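Here the structure is laid out as structure tokens; the discussion comes afterwards.
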Amino acid sequence: MEKKIVKRDGTVAVFDRSILERSLMRTGASKESARSVAEEVEQNMHDGDTTSLVYKQAFDLLSHQSKHAAMRYSLKRALFNFGPTGFPFEKFVGELFRRKGYIVSTNVHLQGRCVSHEVDVFASKPDGTERTAMEIKFHNDMHTRSDVKSVLYVKARFDDLLGVSQSRFSRKKRGAVDSCLFVTNTKFTKNALQYATCAGVSILGWGYPYNNNLQTWVQEVDAHPITCLPSISSSVARQLFDQGVVTCQGLLENPEIFRSLPNADTIADEAALLCRPSGRR
């Protein structure tokens, strides 16, 4: 008999165990482990359970089998724990680019063709090429999607930045930036995706683009948020945010910042485990 789950927005859907299995396997859990966890979740759940309850049950079961995989499984929720302001998420996006070899600045003012713009994140290669301006949109609710109005707004700003000439003596006009990117920690609405594709707006979010999205970037450069770590409370996370630490790798690189915390050794162990690709000691 099929069971129904209630999403956070109140809509009801049929529970699909295969979807849960795939999400568990993306964390690095084995096929056998993912299947056993998903089967136990389905067996124990009741018709009308919420997605939050299902996630908690899956997380707890996975933690007993692989703490490394469980921390990776918490990535989506960890990104929302960067709130309530969007500043830690902006720094996190900058860190993703920095680990890809870019020089990164935040809250930069750039002159467009018509007006000046404050850019959330600006990244460029060391030789000055591939200058990318980013608009960062942080949502505190994972079910809030970036809509077409947001993409329209970003498109207008980007067009102004791309249209300015840097030098009157240059044979080829060059804008204030070479490319622009709209980044969010949620998904996009269907209309937003359609407009972005049609208008040529580069966007990055949860699950989009399919093979080059926020999740794959995190895994590629091994930059998991500190909010993935079970031993870090929201108050401790805010302390670390204030000191510029947003990733587990950044935490390990700056031990003097967190050594005064009561559970510093546990935090360090969890961060070291998460930063190991295999999750093995």
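Keep in mind that this is a model prediction, so the values were computed, not measured.
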Is the shortest distance from a Lys or Arg side-chain nitrogen in [X] or [Y] to a carboxylate oxygen in the other one below 4.0 Å?
X: Lys100; Y: Glu220; value: yes
X: Arg98; Y: Glu95; value: yes
X: Arg72; Y: Glu270; value: no
X: Arg259; Y: Asp265; value: yes

Open item on the list: Checking side-chain contact (heavy atoms from CB on, under 4.5 Å) between Lys187 and each of His143, His139, Arg145, which is the one that passes?
Closed with: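 That would be Arg145; it is the only one of His143, His139, Arg145 passing the side-chain contact (heavy atoms from CB on, under 4.5 Å) with Lys187.
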Report yes if some heavy atom in the side chain of [X] is under 4.5 Å from a heavy atom in the side chain of [Y]; otherwise report no.
X: Val54; Y: Phe15; answer: yes
X: Trp206; Y: Leu79; answer: yes
X: Ile267; Y: Ile232; answer: yes
X: Gln215; Y: Arg26; answer: no
X: Leu273; Y: Met71; answer: yes
X: Asp120; Y: Met134; answer: no
X: Leu193; Y: Thr189; answer: no

TODO: Flag the pair Phe92 / Trp217 as yes when their ring centroid distance falls below 6.0 Å, and as no otherwise.
DONE: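 Between Phe92 and Trp217, the centre distance exceeds or equals 6.0 Å.
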Open item on the list: Are Tyr73 and Tyr55 an aromatic pair, judged by ring center distance below 6.0 Å?
Closed with: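 Close enough - the centres of the two rings lie under 6.0 Å apart.
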TODO: Decide whether Asp147 and Ser150 meet the rule of one side-chain donor and one side-chain acceptor closer than 3.5 Å.
DONE: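 Present: a donor and an acceptor within the cut-off.
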Open item on the list: Membership question, hydrophobic clusters at under 4.5 Å side-chain separation (ILVMFWY): are Leu75 and Val93 in the same one?
Closed with: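 In one cluster: yes.
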TODO: Would you confirm whether Asn44, through its side chain, and Val41, through its main-chain N or O, come within 3.5 Å as a donor-acceptor pair?
DONE: no
Open item on the list: Using only atom types and a distance under 3.5 Å, with no angle test, would you say the side chain of Asn213 pairs donor to acceptor with the backbone of Tyr210?
Closed with: yes
Open item on the list: Enumerate the side-chain hydrogen bond (donor to acceptor under 3.5 Å, both in side chains) contacts for residues 243-252, please, sequence neighbours excluded, ordered by first and then second residue.
Closed with: none
TODO: Could you give me the CA-CA distance, side-chain angles and deciding distance for Met142 and Lys76, then say whether side-chain contact (heavy atoms from CB on, under 4.5 Å) is met?
DONE: CA-CA 8 Å; Met142 68 177 67; Lys76 186 174 184 178; 4.2 Å; yes
- [ ] Drop me the distance from Phe97's CZ to Leu181's CG, to the nearest 0.5 angstrom.
- [x]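 CG of Leu181 is found 5.0 Å from CZ of Phe97.
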- [ ] Quick one: do Leu251 and His224 satisfy side-chain contact (heavy atoms from CB on, under 4.5 Å)? Show the steps, please.
- [x] CA-CA 10 Å; Leu251 192 71; His224 285 79; over 6 Å; no
Open item on the list: Within the supplied structure, the quantity of interest is the number of heavy atoms (other residues, nucleotides, ligands) at a distance under 6.0 Å from Lys149 NZ; does it exceed 12?
Closed with: no
- [ ] Measure the acute angle between the ring planes of Phe182 and Phe188, then classify it against the limits of 30° and 60° as parallel, tilted or perpendicular.
- [x] perpendicular
- [ ] Indicate the ring-plane relationship of Phe89 and Phe82, choosing parallel, tilted or perpendicular according to the 30° and 60° boundaries.
- [x] tilted
